[in-house]
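Quick note on labels: first sequence line is chain A, next is B, and so on, each numbered from 1. Not measured: the values here are computed from a predicted model.
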2 protein chains.
Amino acid sequence: MTASRALRGAADVSEANIEKVLRAAEEIGYVTNHLATSLSSQTTNLIGVVVPSMSNVVFAEVLAGISDAIQQSGKQPVFGISNYNAEVEQDIIRDMLSWRPSGMIVTGLEQSEQSRKLLAGAGIPVAQIMDIDGEAIDINVGLSHADAGRDMACALMKLGRSKFAYIGSALNKDVRARKRMEGFRAELEKGGLSLVTSRIDDEFSSLPLGRALTAELLQSGVDVDCIYYSNDDMAAGGLFATMAAGIQVPQRLLLAGFNGLEFLEGLPVRLATARSPRRQIGKEVIRILLEAIKHPLAPEQRRLVFHPEIDLGDSSF
Amino acid sequence: MTASRALRGAADVSEANIEKVLRAAEEIGYVTNHLATSLSSQTTNLIGVVVPSMSNVVFAEVLAGISDAIQQSGKQPVFGISNYNAEVEQDIIRDMLSWRPSGMIVTGLEQSEQSRKLLAGAGIPVAQIMDIDGEAIDINVGLSHADAGRDMACALMKLGRSKFAYIGSALNKDVRARKRMEGFRAELEKGGLSLVTSRIDDEFSSLPLGRALTAELLQSGVDVDCIYYSNDDMAAGGLFATMAAGIQVPQRLLLAGFNGLEFLEGLPVRLATARSPRRQIGKEVIRILLEAIKHPLAPEQRRLVFHPEIDLGDSSF
DNA sequence: TCTGGTATCGATACCGGTACCGATACCAGT
DNA sequence: ACTGGTATCGGTACCGGTATCGATACCAGA
């Protein structure tokens, strides 16, 4: 017991003994067994985090935000990747819960029925991030993607654009991209307009895919003056398709994406986009979750909504 | 005990009892306590994985490869991010070991003395990935970055280029980029050449940074016909700087990067690069590690070297 | 000298599983 | 009836810590 206390820096141990224990620990290369610690104390320092993908910079940055914010707290994040698959997600959640984490963070609001039940019944704070269009289990930090789509449509119409196309990918998997598209379309219709055409692929979004779909659309000869993309990667690909086709962006054709990724700033043309507060979401969800671990939170403290700022880039005039 | 056996699907339990136990478990929402399981059985299904960054697509893809390959095995990866900081890495390693994982994967060969001691003394298989230029603790899967730099220099000289510049960033942190640069320079010198100029920044590599450094170099008026970048992101940024300056790539100025990232395929010009086998490294290190967990491996089985293939893109003629 | 307070220490019972091994039931063979 | 094998089950110790609480030593004050 004295050794245990000494190692944990607890009170009620004499200096001499602390010294002795630490030296002995050093000597034998002692490493705490967290399994025993956690089992015995009935608490862990684990925070489970489930995201759909890591190749996507957006989630990489959310995780970075989480990593940073969690540093001081003594907690440790454990990451899982669901590959946009609800069943995989459910397995990951079940597995994470079996380690008795002190909190959970999952992406989006669309978990399987079983996942929701597991999370709700775990007796720990659960945060759903990125999206707020739907009903949350407990804590909810994110933005309205439907609104993001609407806002962009609104801004683009204000710039005088009227012949819109949409280019996206994997909408069946990426719920949030779909919500943006639907919001975008709804707003167009409110303005008396509608999508002239669209291209939607099953693959995941990427720069080359954006380029290919855009090239195809341009070749089809349809007359459009603005393309809304599922995200920045796709839009950047679109830019290169227009460059190859000799089309002036944004003068003749305005391209708009979503996320406000850093690499946009290096492109030949500054495309329109909306900045998603990725790092901030990571940071804030940790702050709220850590509080919730300490004591129950009021409903209004369990929800944090961000409003992404639209950046029209070179398209602003 | 019967319940324990039934839940684990072990032998020696009657059908009737299995049924009964499973139903009861379902009813009370039983979730295994992995802490207890692991403490008792003295083994875990955890594999610790430490990478320097996740925003970098390269590591995201390595992790994806690891995730995929590990699926069937019943093991579970636990990721940690060191932010290119050896002290942070050491803390992460110590913390991971305290969970008694059955294997560890760390990035690169340059760990702190203490980290190496911890890993070597953990009594589990340890794999170091990405880099092979140095001495490994146990298992080593990767490529020679020094060779990658040399090979690229060799290929570029063969194309008749002679006035070389280097543009890179954060070389003090990114050891592998530095090794490429050094290999590149060594090979130039072997060919009787040397770097005309170079630009090295302290920030992490990014497309905008590559663009800025390249623009600066171009403005300085130094006469070069080829720039070697620390990686593809930087090179892509360089491409946009040359486009803005009206310089023909690759005819007048050849740009070369490293990694062979997917997004290069969407750019207006196909830059020179060398494909790093990122997913494969992830896949193979898991294969080897899982074997090593089962039984000790001979030295030659503990080392796997990849040879990145050079792709000159549009520069090939 | 006795009492009570403070600082320090250690015995013991868990935490929730699994390994190990002995117990039990049942059946076939002799 | 007895023996031995097989299938199934459960008691007990233990994994490596921590919580709890009582024991001990020492000192100041009455």
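For Asn33(B), taking side-chain heavy atoms from C-beta onward, the closest of the listed nucleotides dC15(C), dG17(C), dC9(D) is dG17(C). The Thr2(B) side chain lies nearest to dC9(D) when the options are dT18(D), dG16(C), dC9(D). Candidate nucleotides dT18(C), dC9(D), dG17(C) were compared by shortest atom distance to the side chain of Val13(B), and dC9(D) ranks first. The side chain of Met1(A) approaches dT18(D) more closely than any other nucleotide in the set dG17(C), dT18(C), dT18(D). Minimum atom distance to the side chain of Arg5(A) is reached by dG10(C), of the listed dC21(C), dG10(C), dT8(D). Which of dA19(D), dC9(D), dG17(D) sits closest to the side chain of Asn17(B) comes down to dC9(D). Comparing dG16(C), dG17(C), dG17(D) by their closest approach to the side chain of Tyr30(B) singles out dG17(C).
Contact annotation: Ser14(B) reaches the phosphate of dC9(D) (side-chain N/O to OP1 or OP2, under 4.0 Å).
At whole-Å resolution of the value, CG in Leu39(B) and P in dG16(C) are 12 Å apart. Atom CH2 in Trp99(B) sits roughly 15 Å away from atom P in dG16(D) (whole-Å rounding). Spacing between atom CD of Gln42(B) and atom C1' of dA13(D) amounts to 13 Å, rounded to whole angstrom units. Straight-line distance from the CG atom of Leu35(B) to the C1' atom of dT18(D): 14 Å, rounded to whole Å. Atoms NE2 (His34(A)) and C1' (dC15(C)) sit 15 Å apart, rounded to a whole Å. One atom, CG of Asn45(B), and another, P of dT18(C), lie 13 Å apart when rounded to the nearest Å. Per the geometry, CG belonging to Leu7(B) stands 9 Å off P belonging to dG17(C), to the nearest Å.
Asn231(A) and Ser205(A) share a donor-acceptor pair across their side chains, judged by distance under 3.5 Å alone.
Closest approach of Gln90(B) to Ser112(B), counting heavy atoms only: OE1-OG, 2.6 Å.
The base of dG17(D) lies outside donor-acceptor range of the side chain of Arg8(A), with no N or O pair under 3.5 Å. Contact annotation: side chain of Ser40(A) to base of dG17(D), donor-acceptor pair present below 3.5 Å.
Between Arg100(B) and Asp12(B), the residue anchored nearer the 5' end of DNA chain D, judged by the nucleotide with its closest heavy atom, is Asp12(B).
Side chains of Ile286(A) and Asp68(A) form no contact here, defined as non-hydrogen atoms less than 4.5 Å apart.
Here the rule is side chain to side chain contact (heavy atoms under 4.5 Å, CB included) with Val285(B), and of Leu304(B), Asn140(B), Ile105(B) only Ile105(B) fits it.
Using bins of under 30°, 30° to 60° and over 60° for the plane-to-plane angle, the ring pair Trp99(B)/His34(A) lands in the parallel bin.
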